Novice: 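First the structure, which I've put down as structure tokens, then a few questions once you've had a look.
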There are 2 protein chains.
Amino acid sequence: MVASTPETAAARRIELRQVDKFALRRTELAAAALATLSEFGYARTSLREIAQKSGFSHGVFHYYFRDKVDLITYCVREYKAACVAHYDEIASNATSAEQVRSSFAEALASSARDDTPMHRLWYDLRNQSLFDTDFQADVAEVDDSLERMIWRIVTAYAAFAGAEVVLTRSAVYAVFDGLFQQALLGIHAGNDAAVDSLREGVRQVLPRLLQNVGRESTD
Amino acid sequence: MVASTPETAAARRIELRQVDKFALRRTELAAAALATLSEFGYARTSLREIAQKSGFSHGVFHYYFRDKVDLITYCVREYKAACVAHYDEIASNATSAEQVRSSFAEALASSARDDTPMHRLWYDLRNQSLFDTDFQADVAEVDDSLERMIWRIVTAYAAFAGAEVVLTRSAVYAVFDGLFQQALLGIHAGNDAAVDSLREGVRQVLPRLLQNVGRESTD
DNA sequence: ACCGCCTCTGGTCAGCTGTCCAGACTTCTC
DNA sequence: GAGAAGTCTGGACAGCTGACCAGAGGCGGT
């Protein structure tokens with residue numbers, strides 16, 4: 001780094017403060033956008049609707065975001081940060097396999113119950129990435145970090161159980177993601193047992209992804 | 001039914017013929033709509049785009065379908081018919097557990113490979129049902145019939161293996177659906193191994209959903 | 001040959017969407 | 001407090017969307 005003259009140092013300080021305020025506002029607007037997006041879904045959410053629900057004018061969104069894609073991309077990243085942080089303590093705080101299993105099942109179940117709109121938005125946006133290349137990179141990155149998160153939990157569980165995980169990281173994620181998504185559909189359809197089914201499904205599946213060390217599976 | 005006079009019989013015959021032609025045209029238009037929908041996704045497909053790609057005028061779609069929802073609902077039903085019929089022979093033609101396992105894994109893998117656009121549309125529309133009640137009933141019906149289809153295959157597998165399925169019907173479907181969807185994301189991201197991973201994932205998961213009759217699982 | 005119904009066309013309309021922008025307002029610096 | 005930079009507003013615009021409709025064309029029945 002080059003040593004700064006007083007002027008450039010002051011300018012940088014100002015600039016940083018402005019950048020912080022700018023970033024803060026972006027986050028605030030993105031949070032408002034997330035709220036509306038999770039309510040109506042990608043296809044039915046316009047910038048004007050977001051603005052109206054957030055109390056801002058629709059113009060301000062174009063001041064802080066290049067375009068709609070830029071805004072939603074930022075929202076996806078925000079989602080990831082909130083989501084991964086929430087689960088990461090499961091693996092680190094546990095002291096036994098059974099505790100990991102219970103915590104994991106409960107965490108998925110309560111998240112599906114409490115954050116239903118946000119999760120359905122995630123699946124919506126992930127699907128959009130199958131059609132629109134704009135979101136593809138960011139969605140893939142979030143999906144990957146979710147996959148790693150699940151993998152951390154499952155390998156922690158396997159370590160406590162003294163066993164090995166038989167599936168690939170990707171397949172393990174896919175299995176729990178499928179259970180989660182089905183629970184979301186169930187919740188939305190008014191099936192009161194959906195959350196309990198998810199918890200029970202996770203509890204039942206988790207041990208079956210392991211095999212004792214040194215034994216070969218039938219293949 | 002009331003006995004028909006000659007006139008009403010003729011009228012009915014005509015009417016039936018017209019109904020057939022009408023239904024035929026509906027199916028034809030729905031097929032064209034499916035093609036465009038699977039290319040662009042729900043959010044980015046307009047009736048005019050569908051019409052242009054199909055060679056019809058945009059007006060004709062309003063003649064055969066009440067509105068856009070009516071059209072897409074019909075498309076969903078068409079999808080189901082095509083999809084379920086394709087898989088149903090797996091369970092009925094098999095003679096051993098291993099054969100069911102191989103056929104099932106191969107069927108999922110090749111379907112993901114060959115019908116990628118149609119499947120991503122299905123997931124798109126299923127997600128729309130989480131936001132828009134218009135599709136909810138029909139989507140739920142298709143999802144249920146897919147669930148039953150998977151269940152038939154898995155129970156057939158269990159029967160050949162002389163074992164029981166430990167998960168609920170819904171959880172079994174969720175697991176394979178998750179694997180399938182992850183493969184779709186992989187394919188779209190250009191991951192060449194995605195199809196093979198799906199096949200291998202299905203092969204590995206399937207036996208682990210069973211337990212020997214008479215033995216209790218750890219719970 | 002004529003008539004009535006079915007089919008289909010393409011124009012029109014109101015409403016919404018993303019984007020841009022001129023200008024008002026606020027905040028900060030000197 | 002003057003000026004500049006940053007922030008925000010709301011109107012304007014072009015393009016698109018779903019829906020509607022008047023009328024042309026075709027087909028079958030008599």
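Predicted, not measured: the structure shown is a model, and the values here were computed from it. Within every chain, numbering begins at 1; the chains are lettered A, B, ... in the order of the sequence lines, protein sequences first and strands thereafter.
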Novice: Could you tell me how far apart A/Arg44 (CZ) and D/dC16 (P) are, to the nearest whole angstrom?
Specialist: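 For the pair A/Arg44 CZ and D/dC16 P, the rounded distance is 22 Å.
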
Novice: Check the distance between D/dC8's C1' and A/Lys21's NZ and give it to me in whole angstrom.
Specialist: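 The distance from NZ of A/Lys21 to C1' of D/dC8 comes to 12 Å, rounded to the nearest Å.
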
Novice: So, using side-chain hydrogen bond (donor to acceptor under 3.5 Å, both in side chains) as the criterion, who are the partners of B/Arg148 when residues are at least two apart?
Specialist: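 Partners of B/Arg148 under the side-chain hydrogen bond (donor to acceptor under 3.5 Å, both in side chains) test: B/Asp144.
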
Novice: Whether A/Arg44 and A/Glu49 form a salt bridge (side-chain N of Lys/Arg under 4.0 Å from carboxylate O of Asp/Glu) is what I want to check.
Specialist: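 The answer is no: the pair does not qualify as a salt bridge.
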
Novice: Starting the side chain at C-beta, find the nucleotide from C/dT19, C/dT27, D/dA19 nearest to A/Leu47.
Specialist: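 Closest nucleotide among those given: C/dT19.
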
Novice: Does B/Arg48 get its side chain close enough to the base of C/dT12, under 3.5 Å, for a donor-acceptor pair?
Specialist: yes

Novice: Can you list, by residue number, the residues of residues 54-69 of chain A that have a non-hydrogen atom closer than 4.0 angstrom to DNA chain C?
Specialist: A/His58, A/His62, A/Asp67, A/Lys68

Novice: Which whole-number value in Å describes the distance from B/Ile50 CD1 to D/dT17 P?
Specialist: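 Answer to the nearest Å: 10 Å.
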
Novice: For A/Gln182, which residues count as a side-chain hydrogen bond (donor to acceptor under 3.5 Å, both in side chains) partner, sequence neighbours excluded?
Specialist: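 Once residues adjacent in sequence are excluded, the partners of A/Gln182 under the side-chain hydrogen bond (donor to acceptor under 3.5 Å, both in side chains) criterion are B/Asp143.
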
Novice: What residue pairs, at least two apart or across chains, pass side chain to side chain donor-acceptor pair (under 3.5 Å) with a residue in residues 104-116 of chain A?
Specialist: A/Tyr87-A/Ser111, A/Glu106-A/Arg199, A/Ser111-A/His119

Novice: Please give, in whole Å, the distance from C/dT9 C1' to B/Gln52 CD?
Specialist: 15 Å

Novice: Verify the contact: side-chain N or O of A/Arg25 to OP1 or OP2 of D/dC8, cut-off strictly under 4.0 Å; return yes or no.
Specialist: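 Affirmative; the distance criterion is met.
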
Novice: Using whole Å, report how far CZ of A/Arg26 lies from P of D/dT7.
Specialist: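 Rounding to the nearest Å, CZ of A/Arg26 and P of D/dT7 are 12 Å apart.
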
Novice: Rounding to an integer number of Å, can you tell me how far A/Leu24 CG sits from D/dG6 C1'?
Specialist: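 For the pair A/Leu24 CG and D/dG6 C1', the rounded distance is 15 Å.
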
Novice: Taking OP1 and OP2 of C/dC16, is either one under 4.0 Å from a side-chain nitrogen or oxygen of A/Ser46?
Specialist: no

Novice: Mind checking what makes side-chain contact (heavy atoms from CB on, under 4.5 Å) contact with B/Gln52, not counting sequence neighbours?
Specialist: none

Novice: If the condition is side-chain hydrogen bond (donor to acceptor under 3.5 Å, both in side chains), which residues does A/Thr27 pass it with, not counting sequence neighbours?
Specialist: A/Tyr74

